Number of protein chains: 2
Amino acid sequence: MLVLFIFDACMAKIQSKKNSTKKEIIIEKAAKLFRDKGFGASSMRDLAEVVGVEAASLYNHIQSKSEILQAICFKVANEFISHLEAVERSPEPTLKKMETIIRFHIRMMLEQYEYVYISDHEWRHLPEPYLSNFLNQRRSYRKRLGDIIENGIQKNEIKNIEPYVAILTILSAISGIESWQRSRKSTSAETLETNMVKYLIEGLKK
Amino acid sequence: MLVLFIFDACMAKIQSKKNSTKKEIIIEKAAKLFRDKGFGASSMRDLAEVVGVEAASLYNHIQSKSEILQAICFKVANEFISHLEAVERSPEPTLKKMETIIRFHIRMMLEQYEYVYISDHEWRHLPEPYLSNFLNQRRSYRKRLGDIIENGIQKNEIKNIEPYVAILTILSAISGIESWQRSRKSTSAETLETNMVKYLIEGLKK
DNA sequence: GGCAGATCCTAACACTTGTTAGTTTTGTTT
DNA sequence: AAACAAAACTAACAAGTGTTAGGATCTGCC
């Protein structure tokens, strides 16, 4: 009863069903904008224009420019973390685990390009304490990936390679898909995924 | 005679020996600044402060904020291109060529971190026509790298992999060293270079 | 010592930034 | 039709932007 009341009050204050929708539209448009002009170079007036509204009107749905950035960065971070948790719980061999993770990263880069790109490149502009929070999550995520690799080495399932360097290499390689997105060339998405997985997994095999 | 005159006039107009030195100092400080705040978020007043001078005084040595960015981006681009030309001319086998190039990229990332980082991440802010120019050089550079790989495949010296994807993977992986730089951890530069080369080269071997 | 030129400074410019206040329009409910 | 809330608008704010003008100061050379 009390809980319901608080919940309702919260919903009513922060967002109703309708401006939740509008808020999402704003964030979506913002993602596209931030991706190709950068967060710093995108003004609220720019954003307002693509949304089809006056700049001041945006503040009926969001609280600040950086709230948009926070929403994007943490949405992406959460998706990666919860996927990782599922993989960690699975009983598969190390190489298969890594392939699953690599494919997930590649698909995220293909299907949620704007969001992932911003989370990768514009997190610097997060205000504290969100910045520290984000970096902690990131560090923890990479650490856990490194643990998977280390575990695989100890079990003699994969080649002996510095886990940190392997993770750095894999994640960076995938985030480079950004530059493929920027200029859709002859190479198809499928070719890209197949070949990149091949390259990155082959380098881990014994 | 005429050539010399033009050369002299140019030198005198753009920079004398003395403000060339000062100009270089400004660019060096700017590189550090741009790297950790981003080009857009760095103001000329910020730059002036680290140089130890008033903002307006900078304009005795440079012509505009974006001239600094141009200087950095094209300096880096030229270094990579001329190194590539040397490798192209060499008679070595494909795998050795690729290792040379990979090592050069890694060392540039280790030794000229600020410059390379900015060239990698802040080129968007170049004004036209420099932007198009830069992107053309970049595309051409990657194309030539791809040709080396394609040639190696035809000669049966390396594994059959999509050249474009291989290049994308290699370059992106290396540019990820940025995040190692950002937080000097337990891993040494040597370990990093050794392991990354191992990973990236192993994935090319037959 | 004094001239010349390089380099600095202060002040200001025109403009853009994110955001707020106050008001009017819009759309739904009674 | 009246009333209410949601969401749009106009106008403005304080602060910060890159850059220029004009004058002061410093430096090295005759």
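Keep in mind that what you see is a predicted model, and the values were worked out from it rather than measured. Letters A, B, ... mirror the listed sequences (proteins, then strands); counts begin at 1.
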_Checking A/Tyr141 now: which residues fulfil side-chain contact (heavy atoms from CB on, under 4.5 Å) with it, not counting sequence neighbours?_
A/Phe80, A/Ile81, A/Leu84, A/Ile101, A/His105, A/Leu145

*Looking at residues at least two apart in the chain, or sitting in another chain, which of them share a side-chain contact (heavy atoms from CB on, under 4.5 Å) with B/Ser188?*
B/Glu190, B/Thr191

*Any B/His61 side-chain nitrogen or oxygen under 4.0 Å from OP1 or OP2 of C/dC8*: yes

*For A/Ser175, check side-chain contact (heavy atoms from CB on, under 4.5 Å) against everything at least two apart and list the hits.*
A/Asp120

*Pairs where residues 42-52 of chain B contributes a residue and the test side chain to side chain donor-acceptor pair (under 3.5 Å) is met, not counting sequence neighbours*: B/Lys37-B/Asp46, B/Ser43-B/Asp46

*Please round to the nearest 0.5 Å and tell me the distance separating atom CG of A/Leu58 and atom CD1 of A/Ile26.*
5.0 Å

*Considering residues at least two apart in sequence or located in another chain, which fulfil the side-chain contact (heavy atoms from CB on, under 4.5 Å) criterion with A/Arg103?*
A/Glu99, A/Arg107, A/Glu193, A/Val197

*Footprint string (nucleotides 12-21 of chain C, 5' to 3'): B base within contact, S backbone only, - free, heavy atoms under 4.0 Å*: B----BBBBB

_DNA chain C contacts among residues 119-128 of chain A, heavy-atom distance under 4.0 Å_ = none

*asked:* Under the rule for side chain to side chain donor-acceptor pair (under 3.5 Å), what residues qualify as partners of A/Glu88, not counting sequence neighbours?
replied: A/Arg144

*With respect to the phosphate group of D/dA8, does any side-chain polar atom (N or O) of A/Lys22 fall under 4.0 Å of OP1 or OP2?*
yes

*Looking only at N and O atoms, is any donor in the side chain of A/Asn60 or the base of D/dA8 less than 3.5 Å from an acceptor on the other one?*
yes

*Does anything in residues 25-36 of chain A pair up under side chain to side chain donor-acceptor pair (under 3.5 Å), and if so which pairs, sequence neighbours excluded?*
A/Arg35-A/Glu114

